[in-house]
Peer 1: 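My questions will all concern the structure given below.
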There are 2 protein chains.
Amino acid sequence: MPSPRRTSLEQILTIGTGLLEEQGPDGLTMQAVAQRAGVRAPSLYKHVDGRDALVRLIAEGVVVDLGRVLEEAADGAGGAGEVLTRAARALRDFARARPQAFLLVFHPGPGGHRPGPEVSARAVAPVLAATAELAGERDALAAARTFTAWARGFIGMELADAFGLGGDVDAAFEYGVRHLVASMGRVAQ
Amino acid sequence: MPSPRRTSLEQILTIGTGLLEEQGPDGLTMQAVAQRAGVRAPSLYKHVDGRDALVRLIAEGVVVDLGRVLEEAADGAGGAGEVLTRAARALRDFARARPQAFLLVFHPGPGGHRPGPEVSARAVAPVLAATAELAGERDALAAARTFTAWARGFIGMELADAFGLGGDVDAAFEYGVRHLVASMGRVAQ
DNA sequence: ACCTGAACACCGTTCAAGT
DNA sequence: ACCTGAACACCGTTCAAGT
């Protein structure tokens with residue numbers, strides 16, 4: 001006799017995403033997920049391949065959310081410089097609202113749960129379009145990488161509380177956006 | 001009768017640093033350290049406060065090494081722009097030689113093992129001096145943060161294999177250095 | 001003074017047994 | 001078809017007992 005399905009992959013992902021944000025990666029245990037799902041840990045293996053697979057699926061969901069946030073930010077902008085400015089701020093807002101989700105995606109641990117190329121390509125598409133306009137097609141990729149690396153690094157440092165010297169962190173962020181946007185396409189080879 | 005001291009904090013740190021690099025953070029277990037030290041895991045607690053404390057001490061050692069590397073890079077340089085260029089390249093070389101050490105220091109996990117302010121301040125001192133020269137005293141900190149964030153982000157992405165779109169990663173790195181250095185002190189408020 | 005085995009409370013994961 | 005308890009191999013950590 002088939003036993004009633006008491007949970008689902010969808011529920012497990014929702015619980016896991018919430019647990020990660022509330023408790024951090026160490027709190028994201030199979031037992032904790034199972035408890036919230038009203039089930040025993042071994043039952044989870046009927047729906048997901050194990051903890052690593054669960055973390056990877058959570059990360060993919062975060063990347064999708066991030067892509068949406070960046071798209072929205074780009075939509076409201078006038079020019080390419082504004083796209084980048086808004087994208088950077090949106091990324092920072094996202095990191096503040098969901099720090100653990102941000103860290104999961106941008107600071108992958110030893111398990112190496114990074115999203116597939118198609119989903120991450122979609123997430124950076126607006127940035128790439130903007131840098132193509134500002135820096136030209138030939139330098140678009142290098143410029144996008146410069147911008148992404150800066151934003152990622154800055155926000156990561158902020159989350160890690162690595163700005164130990166005090167000072168105005170908001171101002172440093174705006175300084176960075178302004179100078180990066182201004183520098184594109186202006187430097188001689 | 002006192003029993004012979006079969007290991008020491010110094011040996012434990014050396015073993016831990018090596019183990020981290022060889023096996024990654026998951027391989028850095030108290031048992032693995034103890035085995036290499038020729039001792040049982042509980043004995044480690046006579047020398048170090050526990051795994052978290054061990055990781056923190058390892059991280060501090062890495063920051064000291066990093067400071068030395070950055071100082072050396074700065075010493076050989078002619079002008080402030082060259083200091084930054086050399087520092088960025090030195091950081092990248094360090095990350096390639098000791099990826100796990102780099103990740104430990106720049107991507108602190110939930111344990112939050114970041115170095116004390118004095119040691120990290122010393123590590124960034126050459127960068128700060130260079131940005132003061134390029135961007136002026138007033139903007140020195142914001143400029144240093146922009147530069148550090150970019151370098152950290154770029155190298156972190158490279159280690160995480162996050163440059164999925166292909167292209168020339170070395171060229172993108174040099175593009176970033178060149179544009180960041182050039183942009184300092186050139187943008188209107 | 002340091003090291004040890006044994007024990008405890010956790011993990012993730014497997015699997016035969018239940019329904 | 002899914003869920004369960006029991007078991008296994010690991011963790012980090014504590015502590016009384018050895019020398």
Side-chain angles (χ1 to χ4, degrees), chain A residues 1-60 100 103-104 108-114, chain B residues 1-60 100 103-104 108-114:
Chain A
M1 196 202 281
S3 92
R5 162 184 275 263
R6 253 168 278 198
T7 184
S8 64
L9 177 57
E10 195 194 353
Q11 189 198 21
I12 289 168
L13 288 179
T14 303
I15 289 169
T17 304
L19 212 41
L20 172 71
E21 208 56 68
E22 289 171 35
Q23 317 273 1
D26 285 355
L28 180 60
T29 69
M30 296 299 271
Q31 315 206 12
V33 172
Q35 192 182 357
R36 288 203 179 178
V39 111
R40 301 293 186 166
S43 305
L44 299 178
Y45 289 76
K46 284 288 165 185
H47 300 93
V48 70
D49 261 353
R51 188 182 181 277
D52 283 354
L54 172 59
V55 172
R56 181 171 290 112
L57 290 172
I58 291 172
E60 279 175 13
Q100 295 294 344
L103 291 171
L104 174 65
H113 13 71
R114 70 194 90 82
Chain B
M1 194 202 282
S3 91
R5 160 186 277 263
R6 252 169 279 198
T7 184
S8 66
L9 178 56
E10 196 194 352
Q11 189 197 21
I12 289 169
L13 288 179
T14 303
I15 290 170
T17 304
L19 212 41
L20 172 71
E21 208 56 68
E22 289 171 37
Q23 316 274 1
D26 285 355
L28 180 59
T29 69
M30 296 299 272
Q31 316 207 11
V33 172
Q35 192 184 355
R36 288 204 180 178
V39 111
R40 301 293 186 165
S43 305
L44 300 177
Y45 289 78
K46 285 286 165 188
H47 300 93
V48 70
D49 261 353
R51 188 182 182 278
D52 283 355
L54 172 58
V55 172
R56 181 172 290 109
L57 290 172
I58 292 172
E60 279 175 14
Q100 295 294 344
L103 291 171
L104 174 65
H113 13 71
R114 68 194 90 83

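Each chain gets a letter, A, B and so on, in the order its sequence line appears, and its residues count up from 1.
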Peer 1: Using the test side-chain contact (heavy atoms from CB on, under 4.5 Å), find all partners of T14(B) that sit at least two apart in sequence or belong to another chain.
Peer 2: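 Counting only residues at least two positions away or on another chain, T14(B) forms no side-chain contact (heavy atoms from CB on, under 4.5 Å).
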
Peer 1: State whether the number of non-hydrogen atoms from other residues, nucleotides or ligands found under 6.0 Å of Q23(A) atom CD is greater than 12.
Peer 2: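 Correct, the count exceeds 12.
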
Peer 1: How many angstroms lie between atom CZ of R6(A) and atom CZ of R40(A), to the nearest 0.5 angstrom?
Peer 2: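 Between R6(A) CZ and R40(A) CZ, I get 10.5 Å after rounding to 0.5 Å.
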
Peer 1: Base, sugar-phosphate alone, or nothing: which one does S8(A) contact when heavy atoms must sit under 4.0 Å apart?
Peer 2: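 It contacts nothing in the nucleic acid.
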
Peer 1: Do you know the tightest heavy-atom contact between A32(A) and L19(A)?
Peer 2: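 Scanning both residues completely, I find the closest heavy atoms to be CB-CD2, 3.5 Å.
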
Peer 1: Identify all side-chain donor-acceptor contacts of residues 44-51 of chain B below 3.5 Å with residues at least two apart in sequence or on another chain.
Peer 2:
| from | atom 1 | to | atom 2 | distance (Å) |
| --- | --- | --- | --- | --- |
| H47(B) | NE2 | T7(B) | O | 3.4 |
| R51(B) | NE | L28(B) | O | 2.9 |
| R51(B) | NH2 | P25(B) | O | 2.9 |
| R51(B) | NH2 | L28(B) | O | 3.2 |

Peer 1: For residues 30-46 of chain B, which residues have at least one heavy atom under 4.0 Å from DNA chain D?
Peer 2: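 Listed by number, they are M30(B), Q31(B), P42(B), Y45(B).
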
Peer 1: Please check if the side chain of E21(B) supplies one atom and the backbone of Q100(B) the other of a donor-acceptor pair under 3.5 Å.
Peer 2: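 Yes; at least one donor-acceptor contact below 3.5 Å.
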
Peer 1: Between residues 11-19 of chain B and DNA chain C, which residues have a heavy-atom gap below 4.0 Å?
Peer 2: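 Nucleic-acid contacts, sorted: none.
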
Peer 1: Please report the interatomic distance CG(L54(A)) to OG1(T17(A)), rounded to the nearest 0.5 Å.
Peer 2: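 Answer rounded to 0.5 Å: 8.0 Å.
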
Peer 1: Using a cutoff of under 3.5 Å, can you pull out all pairs of nitrogen or oxygen atoms linking the protein to nucleotides 7-9 of chain D, with atom names and distances?
Peer 2:
none

Peer 1: Just to be sure I follow the notation: if a pair is Watson-Crick (purine N1 to pyrimidine N3 plus N6-O4 or O6-N4) or a G-U wobble (N1-O2 and O6-N3), each under 3.5 Å, what dot-bracket string does DNA chain D give, with | for pairs to another strand?
Peer 2: ||.|||||...|||||.||

Peer 1: Heavy atoms only: give me the nearest D26(A)-T29(A) pair and the separation to one decimal.
Peer 2: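 Closest approach of D26(A) to T29(A): O-CG2, 3.5 Å.
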
Peer 1: Between atom CZ in R51(B) and atom C1' in dC11(D), what is the gap in whole Å?
Peer 2: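 Value for this atom pair: 10 Å.
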
Peer 1: Say you draw a straight line from CD of E10(A) to CG of L57(A); how long is it, rounded to the nearest 0.5 Å?
Peer 2: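 It comes to 12.5 Å.
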
Peer 1: Rounded to whole angstroms, how far apart are CD on Q23(B) and P on dC10(D)?
Peer 2: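 About 14 Å, once rounded to whole Å.
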
Peer 1: Nearest 0.5 Å please: distance from the OG atom of S43(B) over to the CZ atom of R5(B).
Peer 2: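 Going from OG on S43(B) over to CZ on R5(B), the span is 12.0 Å.
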
Peer 1: Which residues satisfy the side chain to side chain donor-acceptor pair (under 3.5 Å) test with R36(B), sequence neighbours excluded?
Peer 2: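 Listed in chain order: E22(B).
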
Peer 1: Roughly, in whole Å, what's the span from CG in D26(A) to C1' in dC11(C)?
Peer 2: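 Those two atoms, CG and C1', are 11 Å apart.
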
Peer 1: Which nucleotide sits closest to the side chain of T29(B): dC3(C), dG12(D), dC3(D)?
Peer 2: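 Side chain of T29(B) sits closest to dG12(D).
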
Peer 1: Between atom NE2 in H47(B) and atom C1' in dC2(C), what is the gap in whole Å?
Peer 2: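 These atoms are roughly 7 Å apart.
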
Peer 1: Give the rounded distance in Å between these two atoms: CG of D52(A) and P of dC11(C).
Peer 2: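 Rounding to the nearest Å, CG of D52(A) and P of dC11(C) are 16 Å apart.
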
